[in-house]
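To start, the structure under review is shown below, and the notes come after it.
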Amino acid sequence: MEEQFILRVPPSVAERIERLFSENGASSSEDGSLDLSFSEDGRNGTFKIGNESFPASLLDLPCVVESYKTYDESLLIKTADVGQMIMVREEEDPAPEGVEYRHGLTPPMRNARSKRFRREPDLNPELVQRVEKDLSCIMNGGTVAQTNAGAGDREEGGAKNKRAAPESSTDKQDAPVVENAATGDEPEQSESDDSMEQDN
C-alpha cells in the first residue's frame, strides 16, 4: 500500500501546477518549485508555488476514499485508502471550521456528514441501566417481572393502580352470578337440558 493524500487547490493554482508537470520541471519560470510546510499543530500550513504562498489546512474527509491505478486500462489495482485532504485556499477565503470536512469529493456527497450519517440517539442512562438489568436477569434464568419487582416497591402508587385494573375486570365478570344467588332464582335451562331430564 502507498501513502497518498488529496491536494485541493484553487483553479488558478491548478493551472500553474499542470503547466509545471507538463514541462517536467525543465521550465525556468517562477513556478519551478513547490513546497508544503505545516505548523506545530499539524493542521495549518503554507503551500508555496514559485514565489507565491497560500494558506493550507489538513482536513479529515467524511469517509475513506479508495485509490486505484491501472497499467492496461482494464485491470484496477488498489493502492491506498485516503482519509485526509490538504485544502489550499486564497488569502481572502475564510478558513474551514474544525478539522472535519463536511463535504465529500463529489457533488452527491455535499453535506455528507449531515445527510448521510445517522446522528447518535439521545438515550436516558436510567433506561439503559434498567434494560441491562433485565437482560442479565433473563440470561440468569429469571424473568423481567423479577427485575421490575424492585422498581415496583419504589413506585407503590403506580403499582397499586396497575393491580386495581385486573381486579375490577374480574368483579364485572362475577357480577351476574352474585345477582342470581341474591334473587334466589334458578338459572335458566335450555331446551336441550329439559329434553335430557325427560329422557332420564
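Everything numeric here is computed off the predicted structure, so don't read it as measured data.
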For the backbone of Ser136 and the side chain of Asn140, can you confirm whether one donor and one acceptor N or O come within less than 3.5 Å of each other? yes
Apply the test side-chain contact (heavy atoms from CB on, under 4.5 Å) to residues Leu135 and Lys133: give CA-CA distance (whole Å), side-chain angles for both, the deciding distance (0.1 Å), then the verdict. CA-CA 5 Å; Leu135 290 175; Lys133 291 179 180 179; over 6 Å; no
Would you check, one step at a time, whether the test side-chain contact (heavy atoms from CB on, under 4.5 Å) holds for Arg43 with Asp60? CA-CA 10 Å; Arg43 289 288 181 175; Asp60 296 336; 3.2 Å; yes
After noting the C-alpha distance and the side-chain angles of Val64 and Val82, does the key distance pass the side-chain contact (heavy atoms from CB on, under 4.5 Å) rule? CA-CA 6 Å; Val64 175; Val82 183; over 6 Å; no
Side chain to side chain contact (heavy atoms under 4.5 Å, CB included) test vs Ile86 passes for just one of Ile6, Leu36, Val9, namely Leu36
Can you find a heavy atom in the side chain of Leu7 that is under 4.5 Å from one in the side chain of Met87? no
Treat each ILVMFWY residue as a node, draw an edge where side-chain heavy atoms are under 4.5 Å apart, and state whether Val65 and Met85 are in one component. yes
Test your reading of the model: is there a side-chain donor-acceptor pair from Thr79 to the backbone of Lys69, 3.5 Å cut-off? no
Thr70 side-chain N/O to Leu75 backbone N/O, donor-acceptor pair under 3.5 Å: yes
Decide side-chain contact (heavy atoms from CB on, under 4.5 Å) for Arg8 and Tyr101; before the verdict, give the C-alpha distance in whole Å, the side-chain angles of both, and the deciding distance to 0.1 Å. CA-CA 12 Å; Arg8 177 170 284 184; Tyr101 193 55; 3.5 Å; yes
Pair Arg102 + Glu97: basic N to acidic O under 4.0 Å: no
With side chains defined as the heavy atoms from C-beta onward, is the minimum distance between Pro62 and His103 less than 4.5 Å? no
